[in-house]
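Below is one structure, written out as structure tokens, with a few remarks after it.
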Amino acid sequence: MRKNIVAGNWKMNKTLQEGLALATELNAALEGATLKCDVVIGTPFIHLAAVAAAVNTKVVGVAAQNCADKASGAYTGEVSAAMLKSTGAEYVILGHSERREYYGETSAILNSKVELALANGLTPIYCCGEALDVRNANEQNAYVQKQLEETVFNLSADDFAKIVIAYEPIWAIGTGVTASTEQAQEMLAFIRTLIAEKFGKDMAENTSILYGGSCNAKNAPELFAQPDIDGGLIGGASLKVEDFKAIIDAF
Ligand code: 13P
């Protein structure tokens, strides 16, 4: 059975002290509560160890937002998947459009990152999604299909079973423009069909697929009620406990 997941992506926000305070407050708000979804927070690298130690990771899972495409060695400034795992993090967000767009992450680079994450026992939250010009040309399905075919569809079935997919249309990220419920459901259903064709129906039914892009407390209930939307990847609204908790409670 696939899981419902609400994952926060803090991006490059919060000092260590602010991040620790946010994580601790979130943990206190969730511990003991009956939750209908798994909760994950994606923090900057430097927060990971402290945050993982401060929360009950059975209640609040911890994610990195990136990892190196190399295992170890002379790669100044990089952080390996093994290092991430050693902090207590269990997830890593990979292929975010901001990484693809601003840091030149190609499918080849992402294949290495996904492989290393899996080899080190991390769960990749693998992002895909099209830009506005692609959507306006109504080519979003082919675009997302290509992103998946060039990367995670090359995994073995055993490995694919360990990943989470997040569809984040670039035009909806940080813009306040959410994909309509119909647009989000349609794309996630399409992705599930692709998974079924590639790995079989059981795999499709068991893969968690999230929507991301201006998801908030207001639109989350309708989005999460859709049959193929298993949760959200949340940027701005994950930076305040009140906002993030309201999204978690939308299930
Ligand atoms: P926003 O929720 O701020 O639009 O960001 C979405 C996102 O990019 C999460 O990874």
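Both ligands and their constituent atoms are indexed starting at 1 by order of listing.
Among protein heavy atoms, atom 3 (O) of ligand 1 sits closest to G236 N, 2.8 Å. In this structure, the protein non-hydrogen atom closest to atom 9 (C) of ligand 1 is E168 OE2, 2.8 Å.
If you number the atoms of ligand 1 from 1 as listed, the ones under 4.0 Å from a heavy atom of L233 come out as 9 (C), 10 (O). If you number the atoms of ligand 1 from 1 as listed, the ones under 4.0 Å from a heavy atom of G213 come out as 4 (O), 6 (C).
Between H96 and ligand 1, at least one pair of N/O atoms sits closer than 3.5 Å. An N or O contact shorter than 3.5 Å is missing between A237 and ligand 1 by distance. Not a single N or O atom of E98, backbone or side chain, sits closer than 3.5 Å to an N or O atom of ligand 1.
Side-chain contact, H96 with E168: a donor N or O sits under 3.5 Å from an acceptor N or O. For N27 and E25, the side-chain atoms include no donor-acceptor pair closer than 3.5 Å.
Using 4.0 Å as the threshold, A166 has no heavy atom nearer than that to any atom of ligand 1.
Contact annotation for A172 and ligand 1: only backbone heavy atoms (N, CA, C, O) come within less than 4.0 Å of the ligand. The part of N9 lying near ligand 1 is the side chain, judged by heavy-atom distances below 4.0 Å.
Note on K70 versus E78: no salt bridge recorded, every NZ/NE/NH1/NH2 to OD/OE distance being 4.0 Å or above.
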Walk me through it: do N216 and N219 pass the test side chain to side chain donor-acceptor pair (under 3.5 Å)?
CA-CA 6 Å; N216 57 39; N219 55 37; 3.3 Å; yes
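By the 4.5 Å heavy-atom criterion applied to side chains, D228 and I209 are not counted as neighbours. The side-chain heavy atoms of W10 and Q65, taken from C-beta on, include a pair separated by under 4.5 Å.
Screening K58, R2, K3 for a salt bridge (Lys or Arg N to Asp or Glu O under 4.0 Å) involving D38 leaves a single residue, K3.
Of all the listed residues (G212, G235, G174), G174 holds the heavy atom that lies closest to atom 4 (O) of ligand 1.
Ring orientation note: the planes of F251 and F224 are close to parallel, at an angle under 30° on the 30°/60° scale.
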